[in-house]
2 protein chains.
Amino acid sequence: MPARATRKTSESSDKVSMICRALRRAIIEQALEPGAKLPEDSLGERFGVSRTIARHALGQLAAEGLVELRRNRIAVVATPSWQEARDAFDIRIELERLVVRQLAGKLTKSQISELTDHVDAEDRARGGTDAASIRLATEFHILLAQMTNSPILVRYVSEVAYRCCLTLSLYSRPHSTECAINEHRAIIAALAKGDEAKVMELMHHHLDSVANRALVAPTPQRGRDLLDVLAPYADEVTSDRVVKLPKVARRG
Amino acid sequence: MPARATRKTSESSDKVSMICRALRRAIIEQALEPGAKLPEDSLGERFGVSRTIARHALGQLAAEGLVELRRNRIAVVATPSWQEARDAFDIRIELERLVVRQLAGKLTKSQISELTDHVDAEDRARGGTDAASIRLATEFHILLAQMTNSPILVRYVSEVAYRCCLTLSLYSRPHSTECAINEHRAIIAALAKGDEAKVMELMHHHLDSVANRALVAPTPQRGRDLLDVLAPYADEVTSDRVVKLPKVARRG
DNA sequence: GACCGTCAAACTGCATGCAATTGGGGCGCT
DNA sequence: AGCGCCCCAATTGCATGCAGTTTGACGGTC
């Protein structure tokens, strides 16, 4: 199977996509914290475009879940709840298992060295900022997805990986990236060997441990959104002026 | 009031979302065939809004993969390749296994009867148009996803289900819906019983058989896009001029 | 000082206008 | 007839303008 990435879906060279990319990167690198305001005017001015374009970009990012858009209100960087973060990781695990299942034993030499190079870059970035490390780790997974040559899979893995990236910045304590990098190397090795079951297990464990290391528990002091922080407490209040969250088949 | 949907992310009551919903439905019911042109003007006129809004809606649908947007060109209803269809189903299987895994044994009485009611509606619609049957079957899966109360999962399952719906209209022969309906009932039963492994197996088999029944093979006589039909053959041609094709075949 | 109503600035929702690009029909040439 | 060229109607890309909504600051009242 051939090597190169596919970019048929979106992300051509129009201004909207450029702004999307810029904002996405700013968000996952935490240059823009969750909850940060994103007024159309300011964005337009900053990027040298009109509000129309900025607005359109915000729409796209909202569709990806990186931005929250409320009618007549300023858009803000999304602040996923802890449960949403957990859900995102659950989905991500399944999607990435699918990725490595398709890839096991099917990678070309050049693809493998491309992956190895990327992990080397991760290694080199270990001394740098946390943001850079997180971004590189995320991009490793996206790189893998791209090698499946399935545009849909690329899109979903990218989206959910970015979301996880965002939640990591919200809920994780400063974390050591070393084991993650080693796990990346192990995954590459298993992919090259073509051991499908093994690589799926590795990927599952890798993501699960990243999630568990990061999402240890709802850590209120880091949660930006008051509503989310107070949600569990509001449950105990038996007044009818408290907005009850639709509570259905939540596991737990 | 049982288990209503979550609608936090998108789809509020603004015009863009209304048009999205309308177009989405038109597409999955095959009122708009794959390849159909969607000029911003016409859409705006038809829905009584400006081009700005129509454009924005097209952007959203393109992000969902239902519409193809090429720069400076008229937007068209997406025409997924056979391989993309297969990829979409693969992803869908994993996502929906996740859905039923979370739901097994956790449904309330009212949710179960809601599901049963829906399948009854599917049964009643069996005499009607194919489009209606397909739409109802798809909506059953979305209903399930909504009961997980995980907005992200709802979004992804909805999207991928719509995509599959679209591909079904492209590649499937007129199919009998009966077994699918029975499989829906079996899934509800297993969910109620709480047999997690069983329900995952059922869902897997259900989707796999739908996919296999529909996506039997690249069926050239039904494929709308000549380029896609010829793609596998072009792979074997080592010339670099294979892109140029004579004229397009007939429609429908 | 705390509470509340009022109001202007800020911002969004949407339509319209203008320039740039496209593609398809008509026309001439061979 | 077949082929290529050119031009114009159709259409998109984008900015701007106007109206409606929200925010939060100010001043009045208790």
Review point. Tell me: CD1 of I74(A) to P of dA10(C), nearest whole Å?
Key: 11 Å
Review point. Reading nucleotides 18-23 of chain C 5' to 3', which nucleotides get B (base under 4.0 Å from a protein heavy atom), which S (sugar-phosphate only), which -?
Key: ---SSS
**Study point:** Between E139(A) and H118(A), a side-chain donor and acceptor under 3.5 Å
**Key:** no
Revision key, fill the gap. Those residues at least two apart in sequence (or on a different chain) that pass side-chain hydrogen bond (donor to acceptor under 3.5 Å, both in side chains) with H56(B) are H56(A)
Under 3.5 Å, which donor-acceptor pairs do the side chains of residues 45-55 of chain B form with other protein atoms, sequence neighbours left out?
unit_1 : atom_1 : unit_2 : atom_2 : d
S50(B) : OG     : T52(B) : N      : 3.3
R51(B) : NH1    : E40(B) : OE1    : 2.8
R55(B) : NH1    : E40(B) : OE2    : 2.6

**Study point:** Ranges pairing with ranges for DNA chain C, where each run has three or more Watson-Crick or G-U pairs under 3.5 Å
**Key:** C:1-30 with D:1-30
Study note, to complete from the structure: Between CG of D41(A) and P of dG13(C) the distance, given in whole Å, is 12 Å
Check your understanding: Listed by chain and number, what are the side-chain contact (heavy atoms from CB on, under 4.5 Å) partners of R70(A), not counting sequence neighbours?
Key -> R73(A), V76(A)
**Study point:** Results of salt bridge (charged side-chain N to carboxylate O under 4.0 Å, His left out) for E159(A) - residues two or more places apart only
**Key:** R155(A), R155(B)
Revision key, fill the gap. Residues at least two apart in sequence or cross-chain that pass side-chain contact (heavy atoms from CB on, under 4.5 Å) with S158(B), listed by chain then number, are I142(B), V154(B), Y162(B)
Check your understanding: By salt bridge (charged side-chain N to carboxylate O under 4.0 Å, His left out), which residues pair with R25(B), not counting sequence neighbours?
Key -> E29(B)
**Study point:** Side chains of V99(A) and V157(A) in contact at under 4.5 Å (non-hydrogen atoms)
**Key:** yes
Study note, to complete from the structure: The side-chain contact (heavy atoms from CB on, under 4.5 Å) partners of A137(A) (sequence neighbours excluded) come to E122(A), H184(A)
Practice item. Extract, from 5' to 3' on DNA chain D, the first and final nucleotides lying under 4.0 angstrom from some heavy atom of chain A. Key: dC14(D) to dG24(D)
Practice item. Report the residues that fulfil side-chain contact (heavy atoms from CB on, under 4.5 Å) with E94(A), sequence neighbours left out, ordered by chain and then residue number. Key: R97(A), E94(B), L98(B), R101(B)
